Amino acid sequence: MGTEYLSGGFLSNGSCAGGESNGKKMRKVVASHVLHSVRLDSLLVKRREEAEELVSFVYNQCIRNNVDSVINVRLVARRYCGNVIRKIMFSRRYFGEGKNSGGPGFQEEEHVESLFIVLNHIYSFILSDYIPWLRVLDLEGHERIVSDAMRTISKYHDPIIDERVRQWRCGKKKEAEDLLDAFISAKDENGKPWLSVPEIKAQCTELMVATVDNPSNAVEWAIAEMINQPDILKKATDEIDRVVGKERLVQESDIPHLNYVKACLREAFRIHPVAPFNVPHVSTCDASIAGYFIPKGSHILLSRQGLGRNPEVWEDPLKFKPERHINLADHHHQVELTEPELKFISFSRGRRGCMGVALGSEMTVMLLARLLHGFDWSVPSNEEKIDLAESKFDLFMAKPLHARAMPRLPAELYPA
Ligand code: HEM
């Protein structure tokens with residue numbers, strides 16, 4: 001069935017894709033010029049730098065607090081996602097000058113916070129999606145909130161993008177070294193720049209928004225669930241020790257061998273999606289699916305919790321049990337984070353499915369594997385168990401996960 005997003009583009013203010021043909025053009029540029037495997041391979045060094053920084057950031061907190069330290073895992077995970085996407089998009093970790101791994105500065109925090117504000121509003125209900133003339137009244141106040149967040153994001157992105165466009169135009173830049181270069185240098189069949197500067201700006205924001213929430217949310221929930229079930233935590237850590245050893249850090253090339261770690265992440269996506277529903281879609285033609293007739297123009301919302309926690313599909317659906325994703329009968333079975341049968345939603349599928357499956361999977365597995373390999377995790381001494389309550393407003397953990405971390409590798413392995 002053909003579907004489009006309810007508001008035309010991925011971002012609800014419609015700043016990127018106004019209609020089907022524009023949406024198609026954007027997908028084509030992103031798939032063929034920006035997120036293809038050769039480009040992602042060329043950005044491996046940048047991703048590796050951020051994976052080093054991740055370990056060093058947590059290690060420095062442990063050292064500062066006398067080896068045994070309570071870590072804000074949500075902050076660590078979101079910071080890593082923000083750092084990775086800024087690095088591969090703009091070739092820089094920070095917007096400000098002269099920062100080191102002492103912690104995210106105000107600018108980076110404000111940047112990631114604004115991306116999350118935009119994200120939360122993509123999923124939220126708004127009357128004018130159904131009665132468009134109400135939009136001018138902005139009854140829910142969403143228009144103002146999202147516009148403010150977009151202004152903040154633009155404040156950081158625009159000077160970098162404008163300067164880079166200038167460098168390409170004056171011939172100072174000729175080789176694409178990051179995703180921004182890839183957007184600027186993409187040419188159509190007539191050799192003309194494929195995207196205008198406003199389209200490049202919208203695409204940079206779209207990819208930033210698309211990157212920060214899923215990996216950080218899945219890893220925060222996975223670690224929380226695993227701390228409460230130490231046998232699972234041990235099994236995952238044992239797997240990493242077996243595959244990687246204790247003389248080097250986990251690398252992306254290890255990912256194919258980390259089936260149990262990936263099963264833990266699948267389980268986090270299944271039980272703890274980032275939002276109750278998928279991004280709203282509108283059907284572009286009449287269709288029949290599973291015996292239901294869906295007329296053209298219908299608004300379609302898929303319940304992620306309804307799928308992932310469906311007792312008819314999943315035995316004991318609320319239990320965090322990674323083993324259910326491992327096919328014991330097939331020793332060559334590779335666990336993937338994708339779920340093509342949509343028994344739960346991770347990357348979704350179809351013509352509006354996620355365009356960042358490879359990058360998103362790498363980031364998510366590296367984030368969890370590095371944290372498990374580098375540190376022993378446990379409940380803070382003043383608590384008995386990690387509180388797994390969900391927030392009333394979204395499906396994030398109600399309280400950001402705070403957990404005790406203890407370095408578990410030889411000191412010389414932790415990047416300075
Ligand atoms: C674990 C990580 C990720 C997960 C679980 C995830 C999941 C999703 C989902 C569920 C959708 C909506 C699909 C639909 O509406 O049917 C989506 C859309 C999208 N994702 Fe991801 N995503 C991840 C990471 C990324 C990354 C790293 C990028 C790129 C840098 C990315 C780029 C996109 C784009 C561009 C869309 C919109 C596609 C369109 O407009 O047609 N995602 N993603």
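Please read these numbers as outputs of a predicted model, since none were measured by experiment. Computation of the quantities below employed the complete heavy-atom set of this structure, encompassing side-chain atoms and omitting hydrogens, waters and symmetry-equivalent molecules. When a ligand or atom number is given, it counts from 1 through the structure's own listing order.
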From atom 6 (C) of ligand 1, work out which of V365, N214, V274 has a heavy atom at the shortest distance.
N214

Ring centres of H111 and F95 under 6.0 Å apart?
yes

Answer yes or no: does an N/O atom from S348 fall short of 3.5 Å to an N/O atom of ligand 1?
yes

At less than 4.0 angstrom from any non-hydrogen atom of L35, what atoms of ligand 1 do you find?
29 (C)

Proximal atoms of ligand 1 relative to T364 (non-hydrogen, under 4.0 Å)
1 (C)

Heavy-atom distance to atom 22 (N) of ligand 1: which of C354, A218, S216 wins?
C354

For ligand 1 and R351, I'd like to know whether there is a polar contact (N/O to N/O, distance under 3.5 Å).
no

Tell me whether the NZ or CZ atom of R78 lies within the 45° cone about the ring axis of F396 and under 6.0 Å from its centre.
yes

Taking atom 36 (C) of ligand 1 as the point of reference, which of M355, R349, R304 owns the nearest heavy atom?
M355

Distance filter under 4.0 Å to L359 heavy atoms, resulting ligand 1 atoms
27 (C), 30 (C)

Contacting atoms of ligand 1, where contact means under 4.0 angstrom from a heavy atom of E206:
35 (C), 37 (C), 40 (O)

Look at ligand 1 and say whether H281 reaches it with a heavy atom at a distance under 4.0 Å.
yes

Is there a donor-acceptor pair closer than 3.5 Å between any side-chain N or O of Q229 and the backbone N or O of F320?
yes

Is there a donor-acceptor pair under 3.5 Å between the side chain of N278 and the backbone N or O of L301?
no

When you measure from the side chain of W377 to the backbone N and O of L371, does any donor-acceptor pair fall under 3.5 Å?
yes

Part of N278 with heavy atoms under 4.0 Å of ligand 1, whether side chain, backbone, both or neither
side chain

May I ask you to check whether Y156 and E110 show a side-chain donor-acceptor distance below 3.5 Å?
yes

Are the side chain of H373 and the backbone of G245 linked by a donor-acceptor contact shorter than 3.5 Å?
yes

Are more than 12 heavy atoms from other residues, nucleotides or ligands located less than 6.0 Å from atom CZ of R248?
yes

